[in-house]
Amino acid sequence: MAINWFPGHMHKARKEIKKSMPQMDLIIEVLDARLPFSSENPLVPSLRGDTPVIKVLNKRDLADPAITTQWQAYLEQERGVRAITLTHNQRQEALDILRLAGEMTADHDRQKSALRVMILGIPNVGKSTLINTLAGRPVARTGNEPAVTKAQQVIKLPDNVLLYDTPGFLWPKLSPEACGYRLAVSGAIRSAVIDFEDVALFAADYLLQAYPQVVTERYGLESLPGDGVALMDAIAERRRFFARGGIPDLHKVAEVLLNEFRTGKLGPISLETPAMVEAEARELAAQEAARQKAKAKRAQGAKSQRHT
């Protein structure tokens with residue numbers, strides 16, 4: 001099942017960002033440290049040109065620290081990009097972003113003109129909380145549901161900095177398909193548009209492969225289940241989640257599994273690694289090449305038939 005969520009206000013936000021980005025002196029992009037690739041806005045590399053970018057890997061406390069270190073090094077391979085980590089309630093760390101912004105725009109004379117900074121982030125990644133910390137006052141609405149911010153606003157910060165806040169948005173087609181699932185697992189996609197059991201099954205399969213010890217310890221299992229379905233059945237058995245007739249209540253299991261991941265009760269877990277997303281990109285490219293080859297073959301066949 002392909003997962004997509006692109007309501008009307010996101011389309012509007014995308015057009016506004018595309019129009020405004022070339023006028024910016026610096027971009028701050030807030031990513032989810034558990035899925036830096038899946039939460040990265042594809043507009044940034046395609047539109048930023050030479051504009052420097054600070055990638056903020058937020059929710060550091062929820063992510064696997066070893067993998068987060070890999071992501072920092074990976075992201076900084078791109079020219080003009082600095083990657084830092086952040087967790088909530090760390091005001092000084094958040095303010096260090098402004099210090100870094102100054103270093104990366106040292107040639108800009110703020111006596112003559114304001115430093116224009118655009119801040120981006122997908123829904124529910126913690127962008128509004130970070131903005132309030134930088135501003136030192138509540139200027140952006142926050143909430144546990146994605147897509148709280150609906151309109152662009154400009155916020156004045158100290159030292160002649162103008163911060164352009166943008167609504168969190170996704171993109172019309174989430175690719176590869178696993179990207180959409182990882183976003184859904186993290187809570188970036190509104191609950192009403194996802195199939196909880198389907199998304200939780202994706203999470204269960206991944207946890208078995210990447211964090212087997214976490215699974216057995218958290219749910220008190222004597223042995224590792226063979227697949228995601230077996231894991232969800234085992235959780236239902238251990239937690240006594242049964243529907244009428246003694247059937248495992250997989251919807252309840254799904255809610256618990258996703259909630260325990262999102263709140264960190266499973267421990268620090270990352271949903272993707274640089275090596276994983278590179279492998280997915282190669283597979284996607286191979287599939288696209290095969291499709292194009294098959295399309296060209298069909299076109300050649302049709303052409304041959306017309307000439308016979």
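All values reported here derive from a predicted model rather than from experimental measurement.
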| query | Of Asn132, Leu157, Leu134, Asp165, which is the lone residue that meets side chain to side chain contact (heavy atoms under 4.5 Å, CB included) with Val139? | reply | Asn132
| Option from Ile27, Val53, Ile54 for which side chain to side chain contact (heavy atoms under 4.5 Å, CB included) with Val81 holds |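 Output: one option passes, namely Val53.
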Under the side chain to side chain contact (heavy atoms under 4.5 Å, CB included) test, residues paired with [X] that sit two or more places apart:
| X | answer |
| --- | --- |
| Thr263 | Asn259, Lys265 |
| Arg99 | Asp96, Glu103 |
| Ala114 | Asn160, Leu162 |
| Arg60 | Thr85, Thr87, Glu93 |

| message | Restricting to non-hydrogen atoms, name the atom on Arg34 and the atom on Asp32 that form the minimum distance, rounded to 0.1 Å. | response |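 Minimum heavy-atom separation between Arg34 and Asp32: NH2-OD2, 2.8 Å.
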| Which pair of non-hydrogen atoms, one from Ala33 and one from Thr68, has the smallest distance, and what is that distance? | O-OG1, 4.2 Å
| query | Which pairs pass ring pair (Phe, Tyr, Trp, His ring centres under 6.0 Å) with one or both residues in residues 14-34, sequence neighbours excluded? | reply | none
| said: I need the full list of ring pair (Phe, Tyr, Trp, His ring centres under 6.0 Å) pairs touching residues 219-266, with sequence neighbours left out, sorted by first then second residue. | reply: Phe196-His251
| Test item: side-chain donor near acceptor, Glu76 and Gln72, under 3.5 Å |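 Side chains of Glu76 and Gln72: no pair found under 3.5 Å.
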Can you find a pair of side-chain heavy atoms, one from [X] and one from [Y], that are under 4.5 Å apart?
| X | Y | answer |
| --- | --- | --- |
| Met21 | Thr51 | no |
| Ser186 | Arg262 | no |
| Arg218 | Leu257 | no |
| Leu231 | Val215 | yes |

| task | Apply salt bridge (charged side-chain N to carboxylate O under 4.0 Å, His left out) to Glu197 and list each qualifying residue two or more places apart in sequence or on a separate chain. | result | none
| When you look at Ile84 and Leu100, which way does the side-chain contact (heavy atoms from CB on, under 4.5 Å) test go after all the steps? | CA-CA 10 Å; Ile84 64 173; Leu100 181 57; 3.8 Å; yes
| query | Would the number of heavy atoms belonging to other residues, nucleotides or ligands and lying under 6.0 Å from CD of Gln292 be above 12? | reply |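 More than 12 within 6.0 Å, yes.
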| task | Output yes when Glu255 and Arg239 qualify as a salt bridge under the 4.0 Å nitrogen-oxygen rule, no when they do not. | result |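 Not counted as a salt bridge, because no side-chain N and carboxylate O are separated by less than 4.0 Å.
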| query | Using 4.0 Å as the upper bound for N to carboxylate O, is an ion pair formed by Arg48 and Glu29? | reply | no
| query | Excluding sequence neighbours, so at least two apart, what forms ring pair (Phe, Tyr, Trp, His ring centres under 6.0 Å) with Phe202? | reply | Tyr181
| Residues which pass ring pair (Phe, Tyr, Trp, His ring centres under 6.0 Å) with Tyr74, listed by chain and number, not counting sequence neighbours | Trp71
Please tabulate, for the side chains in residues 204-212, all donor-acceptor contacts under 3.5 angstrom to protein atoms that are two or more places apart in sequence or on a different chain.
from, atom 1, to, atom 2, distance (Å)
Asp205, OD1, Gly228, N, 2.7
Tyr206, OH, Ser270, O, 2.6
Tyr211, OH, Asp64, OD2, 2.9
Tyr211, OH, Ser270, N, 3.1

| message | List the residues meeting side-chain hydrogen bond (donor to acceptor under 3.5 Å, both in side chains) with Arg240, not counting sequence neighbours, and say none if there are none. | response |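 side-chain hydrogen bond (donor to acceptor under 3.5 Å, both in side chains) check on Arg240 returns Glu237.
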| request: Kindly say whether Thr166 contributes a backbone atom to a donor-acceptor pair with the side chain of Lys127 at under 3.5 angstrom? | output: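 Checking the backbone N and O of Thr166 against the side chain of Lys127, a donor-acceptor pair under 3.5 Å is found.
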| message | Listing request: all salt bridge (Lys or Arg N to Asp or Glu O under 4.0 Å) pairs with a residue in residues 273-287, at least two apart in sequence or in separate chains. | response |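 Found Arg182-Glu280.
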